Amino acid sequence: MDIFSKDLAEDDLESILRCFATILQDMSSSSELVDFFDIDEGQGLDFLIELSDILANFPEHTSLVLYTFATTACLTSHRGWERSHAYEDTEYHRLVCQVIVQHNTSWGVCLFAMALLANLCDPERESDWLELVFSAAGIEEAVEALRIHTGRIEVEVEITRFLRLMCVGRPIADTEKRRQAVVDSGAVPLLFKTIEALDAGSVGSFYKPDADKLEAAGPREIAATREAGVFLNCMRILQDVCGGTLKFCDERRIKLIGLVPDEVCILLSTHQRVPELQQDGFNILANFCESTKARVSGTFVEDVLSADGQVAVTNALGNKATRRVPGAMTAVLRFCANMCRPECGHQAEDARSVLLDGGVAVATVKLMERNMESAPLILQCCRALRYFAAGFNVEERREILDAGAAEFLGQAIKEHELVGEVVMEAAEALFLLG
């Protein structure tokens with residue numbers, strides 16, 4: 001494309017890039033970009049190479065860096081064109097991360113640099129960018145930028161989008177290493193701090209359809225959708241870093257003891273009338289308690305009980321709005337079942353006792369009666385009843401039977417006979433109930 005002459009002064013380069021960034025931000029579709037750059041001839045890719053050369057030649061010029069990142073972020077934001085191919089087999093990922101370090105106090109640089117990295121790391125591209133950026137310490141730089149710019153919502157939305165993408169993908173072993181890096185870098189306390197700073201009264205609106213798409217007309221609407229994007233990204237990241245059954249997943253969870261259960265239970269208590277938040281919150285707690293290692297799994301259950309997780313369960317089951325949402329109830333019962341598994345040791349018995357004292361077993365049977373068509377919810381109900389019935393207290397088992405558990409477990413087997421997990425869990429629960 002040869003837009004930038006080597007004889008151009010830095011101020012002239014800055015002016016040209018500022019114009020490009022402004023034009024590209026006003027474009028609404030990838031087709032407009034194709035027309036603008038005549039991409040079928042490959043010129044758009046050449047332009048990206050020129051932009052990377054500018055970044056390499058002027059890494060300390062803040063304004064040039066800002067507009068270079070802004071232009072490149074716009075060019076890589078539309079999925080109709082695989083523009084990331086321009087940087088394959090280069091060290092561009094390292095260059096970007098190095099420049100972020102130099103300018104991490106500039107919120108504009110961090111905003112567009114994080115948007116660029118998130119665009120390149122989109123899993124739909126089926127590229128190696130996730131691992132490339134990870135190898136260049138991209139997660140650590142993102143968390144440091146979040147620490148510096150906490151409260152700057154437009155920056156937070158891009159940083160959390162990037163971190164959310166770093167927590168997904170395959171192979172799972174590589175993904176777990178990236179999740180480990182998110183925790184090791186100190187991101188989790190910052191995520192809770194970021195959530196706390198958002199407008200608590202707007203949480204319910206964060207879960208409206210397309211709330212995480214920043215497409216709104218006025219400044220007030222744009223700010224609201226950005227807040228929604230930040231909140232939803234934070235909740236998804238927390239679910240990811242708390243989950244997993246590999247060995248080092250437990251090492252990661254151990255670092256979150258005393259933090260995740262306390263903060264999540266506060267969120268659940270504060271927003272009892274937001275079923276979607278209840279679903280996300282209980283999924284975080286369920287993931288936190290899903291360890292399969294007998295030596296440590298009870299520790300996570302003990303931490304949740306100390307944060308009054310059982311109270312959150314009782315509140316959720318007692319709330320009509322939450323009870324009407326099968327997804328939320330599925331998360332609640334999954335959490336209960338994970339706490340009461342045999343590998344959790346004596347803490348499982350403690351969890352079982354407080355949950356049954358709170359009427360959770362009876363409530364579970366009623367949920368089965370009302371939601372028999374929902375296989376995911378019925379599966380978790382059967383799992384929970386199975387673990388409730390595994391206790392030593394005969395009176396507790398009798399209470400479960402008196403609530404009609406045997407009838408609905410049998411019905412679950414008939415209704416979902418093609419769902420092997422449901423049949424197995426229901427049959428095991430019936431056997432333990434005697």
Side-chain angles (χ1 to χ4, degrees), residues 1-25 37 43-77 83-122 125 127-150 152 154-159 161-163 165-166 181 185:
M1 187 167 272
D2 197 22
I3 293 176
F4 305 110
S5 167
K6 294 182 180 178
D7 298 327
L8 283 174
E10 293 180 20
D11 290 345
D12 294 329
L13 274 175
E14 180 184 334
S15 297
I16 293 172
L17 286 170
R18 185 168 62 245
C19 289
F20 270 121
T22 303
I23 293 170
L24 291 171
Q25 285 179 329
F37 286 110
Q43 293 178 336
L45 299 180
D46 294 338
F47 181 44
L48 282 176
I49 296 297
E50 291 184 54
L51 290 173
S52 68
D53 290 341
I54 293 173
L55 195 62
N57 293 331
F58 304 98
E60 297 183 359
H61 194 301
T62 303
S63 296
L64 266 179
V65 167
L66 170 63
Y67 293 119
T68 301
F69 277 150
T71 303
T72 314
C74 289
L75 287 170
T76 55
S77 63
R83 303 170 194 87
S84 60
H85 292 325
Y87 299 134
E88 288 181 351
D89 303 319
T90 72
E91 291 293 300
Y92 186 66
H93 55 289
R94 297 192 186 280
L95 174 61
V96 171
C97 291
Q98 289 167 4
V99 173
I100 292 173
V101 174
Q102 291 178 265
H103 301 279
N104 63 8
T105 58
S106 167
W107 70 267
V109 170
C110 288
L111 166 66
F112 291 113
M114 287 299 134
L116 167 61
L117 289 179
N119 292 343
L120 294 176
C121 290
D122 190 328
R125 296 181 185 275
S127 66
D128 297 325
W129 278 105
L130 284 169
E131 281 303 299
L132 289 173
V133 174
F134 174 53
S135 69
I139 289 174
E140 289 81 355
E141 301 312 328
V143 173
E144 181 60 23
L146 181 60
R147 182 177 288 108
I148 294 172
H149 300 290
T150 296
R152 175 78 65 171
E154 56 268 63
V155 183
E156 289 176 340
V157 74
E158 295 300 343
I159 294 174
R161 180 166 74 96
F162 167 71
L163 291 175
L165 291 172
M166 294 301 285
S185 63

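From a predicted model like this one, the values you see are computed outputs, not experimental measurements.
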Heavy-atom distance under 4.5 Å between the side chains of [X] and [Y], does that happen here?
X      : Y      : answer
Leu13  : Ile54  : yes
Phe69  : Leu55  : yes
Asn104 : Cys110 : yes
Leu51  : Leu17  : yes

Distance (rounded to the nearest 0.5 Å) between [X] [atom1] and [Y] [atom2]:
X      : Y      : atom1 : atom2 : answer
Leu116 : His93  : CG    : NE2   : 13.0 Å
Arg18  : Thr68  : CZ    : OG1   : 12.0 Å
Gln98  : Leu95  : CD    : CG    : 6.5 Å
Thr62  : Gln102 : OG1   : CD    : 9.0 Å
Ser15  : Tyr67  : OG    : OH    : 9.0 Å
Asn119 : Trp129 : CG    : CH2   : 11.5 Å

| Run the side chain to side chain contact (heavy atoms under 4.5 Å, CB included) check on Glu144 and Ser185 step by step: do they pass? | CA-CA 8 Å; Glu144 181 60 23; Ser185 63; over 6 Å; no

Ignoring hydrogens, what is the shortest heavy-atom contact between [X] and [Y]? Give both atom names and the distance.
X      : Y      : result
Cys121 : Val133 : SG-CG2, 3.6 Å
Val155 : Trp107 : CG2-O, 3.6 Å
Phe134 : Ala181 : CE1-CB, 3.6 Å

| field | Donor-acceptor under 3.5 Å (His103 side chain, Pro59 main chain) | value | yes

| query | Going through the distances and angles, do Leu117 and Val96 end up as a side chain to side chain contact (heavy atoms under 4.5 Å, CB included)? | reply | CA-CA 8 Å; Leu117 289 179; Val96 171; 3.8 Å; yes

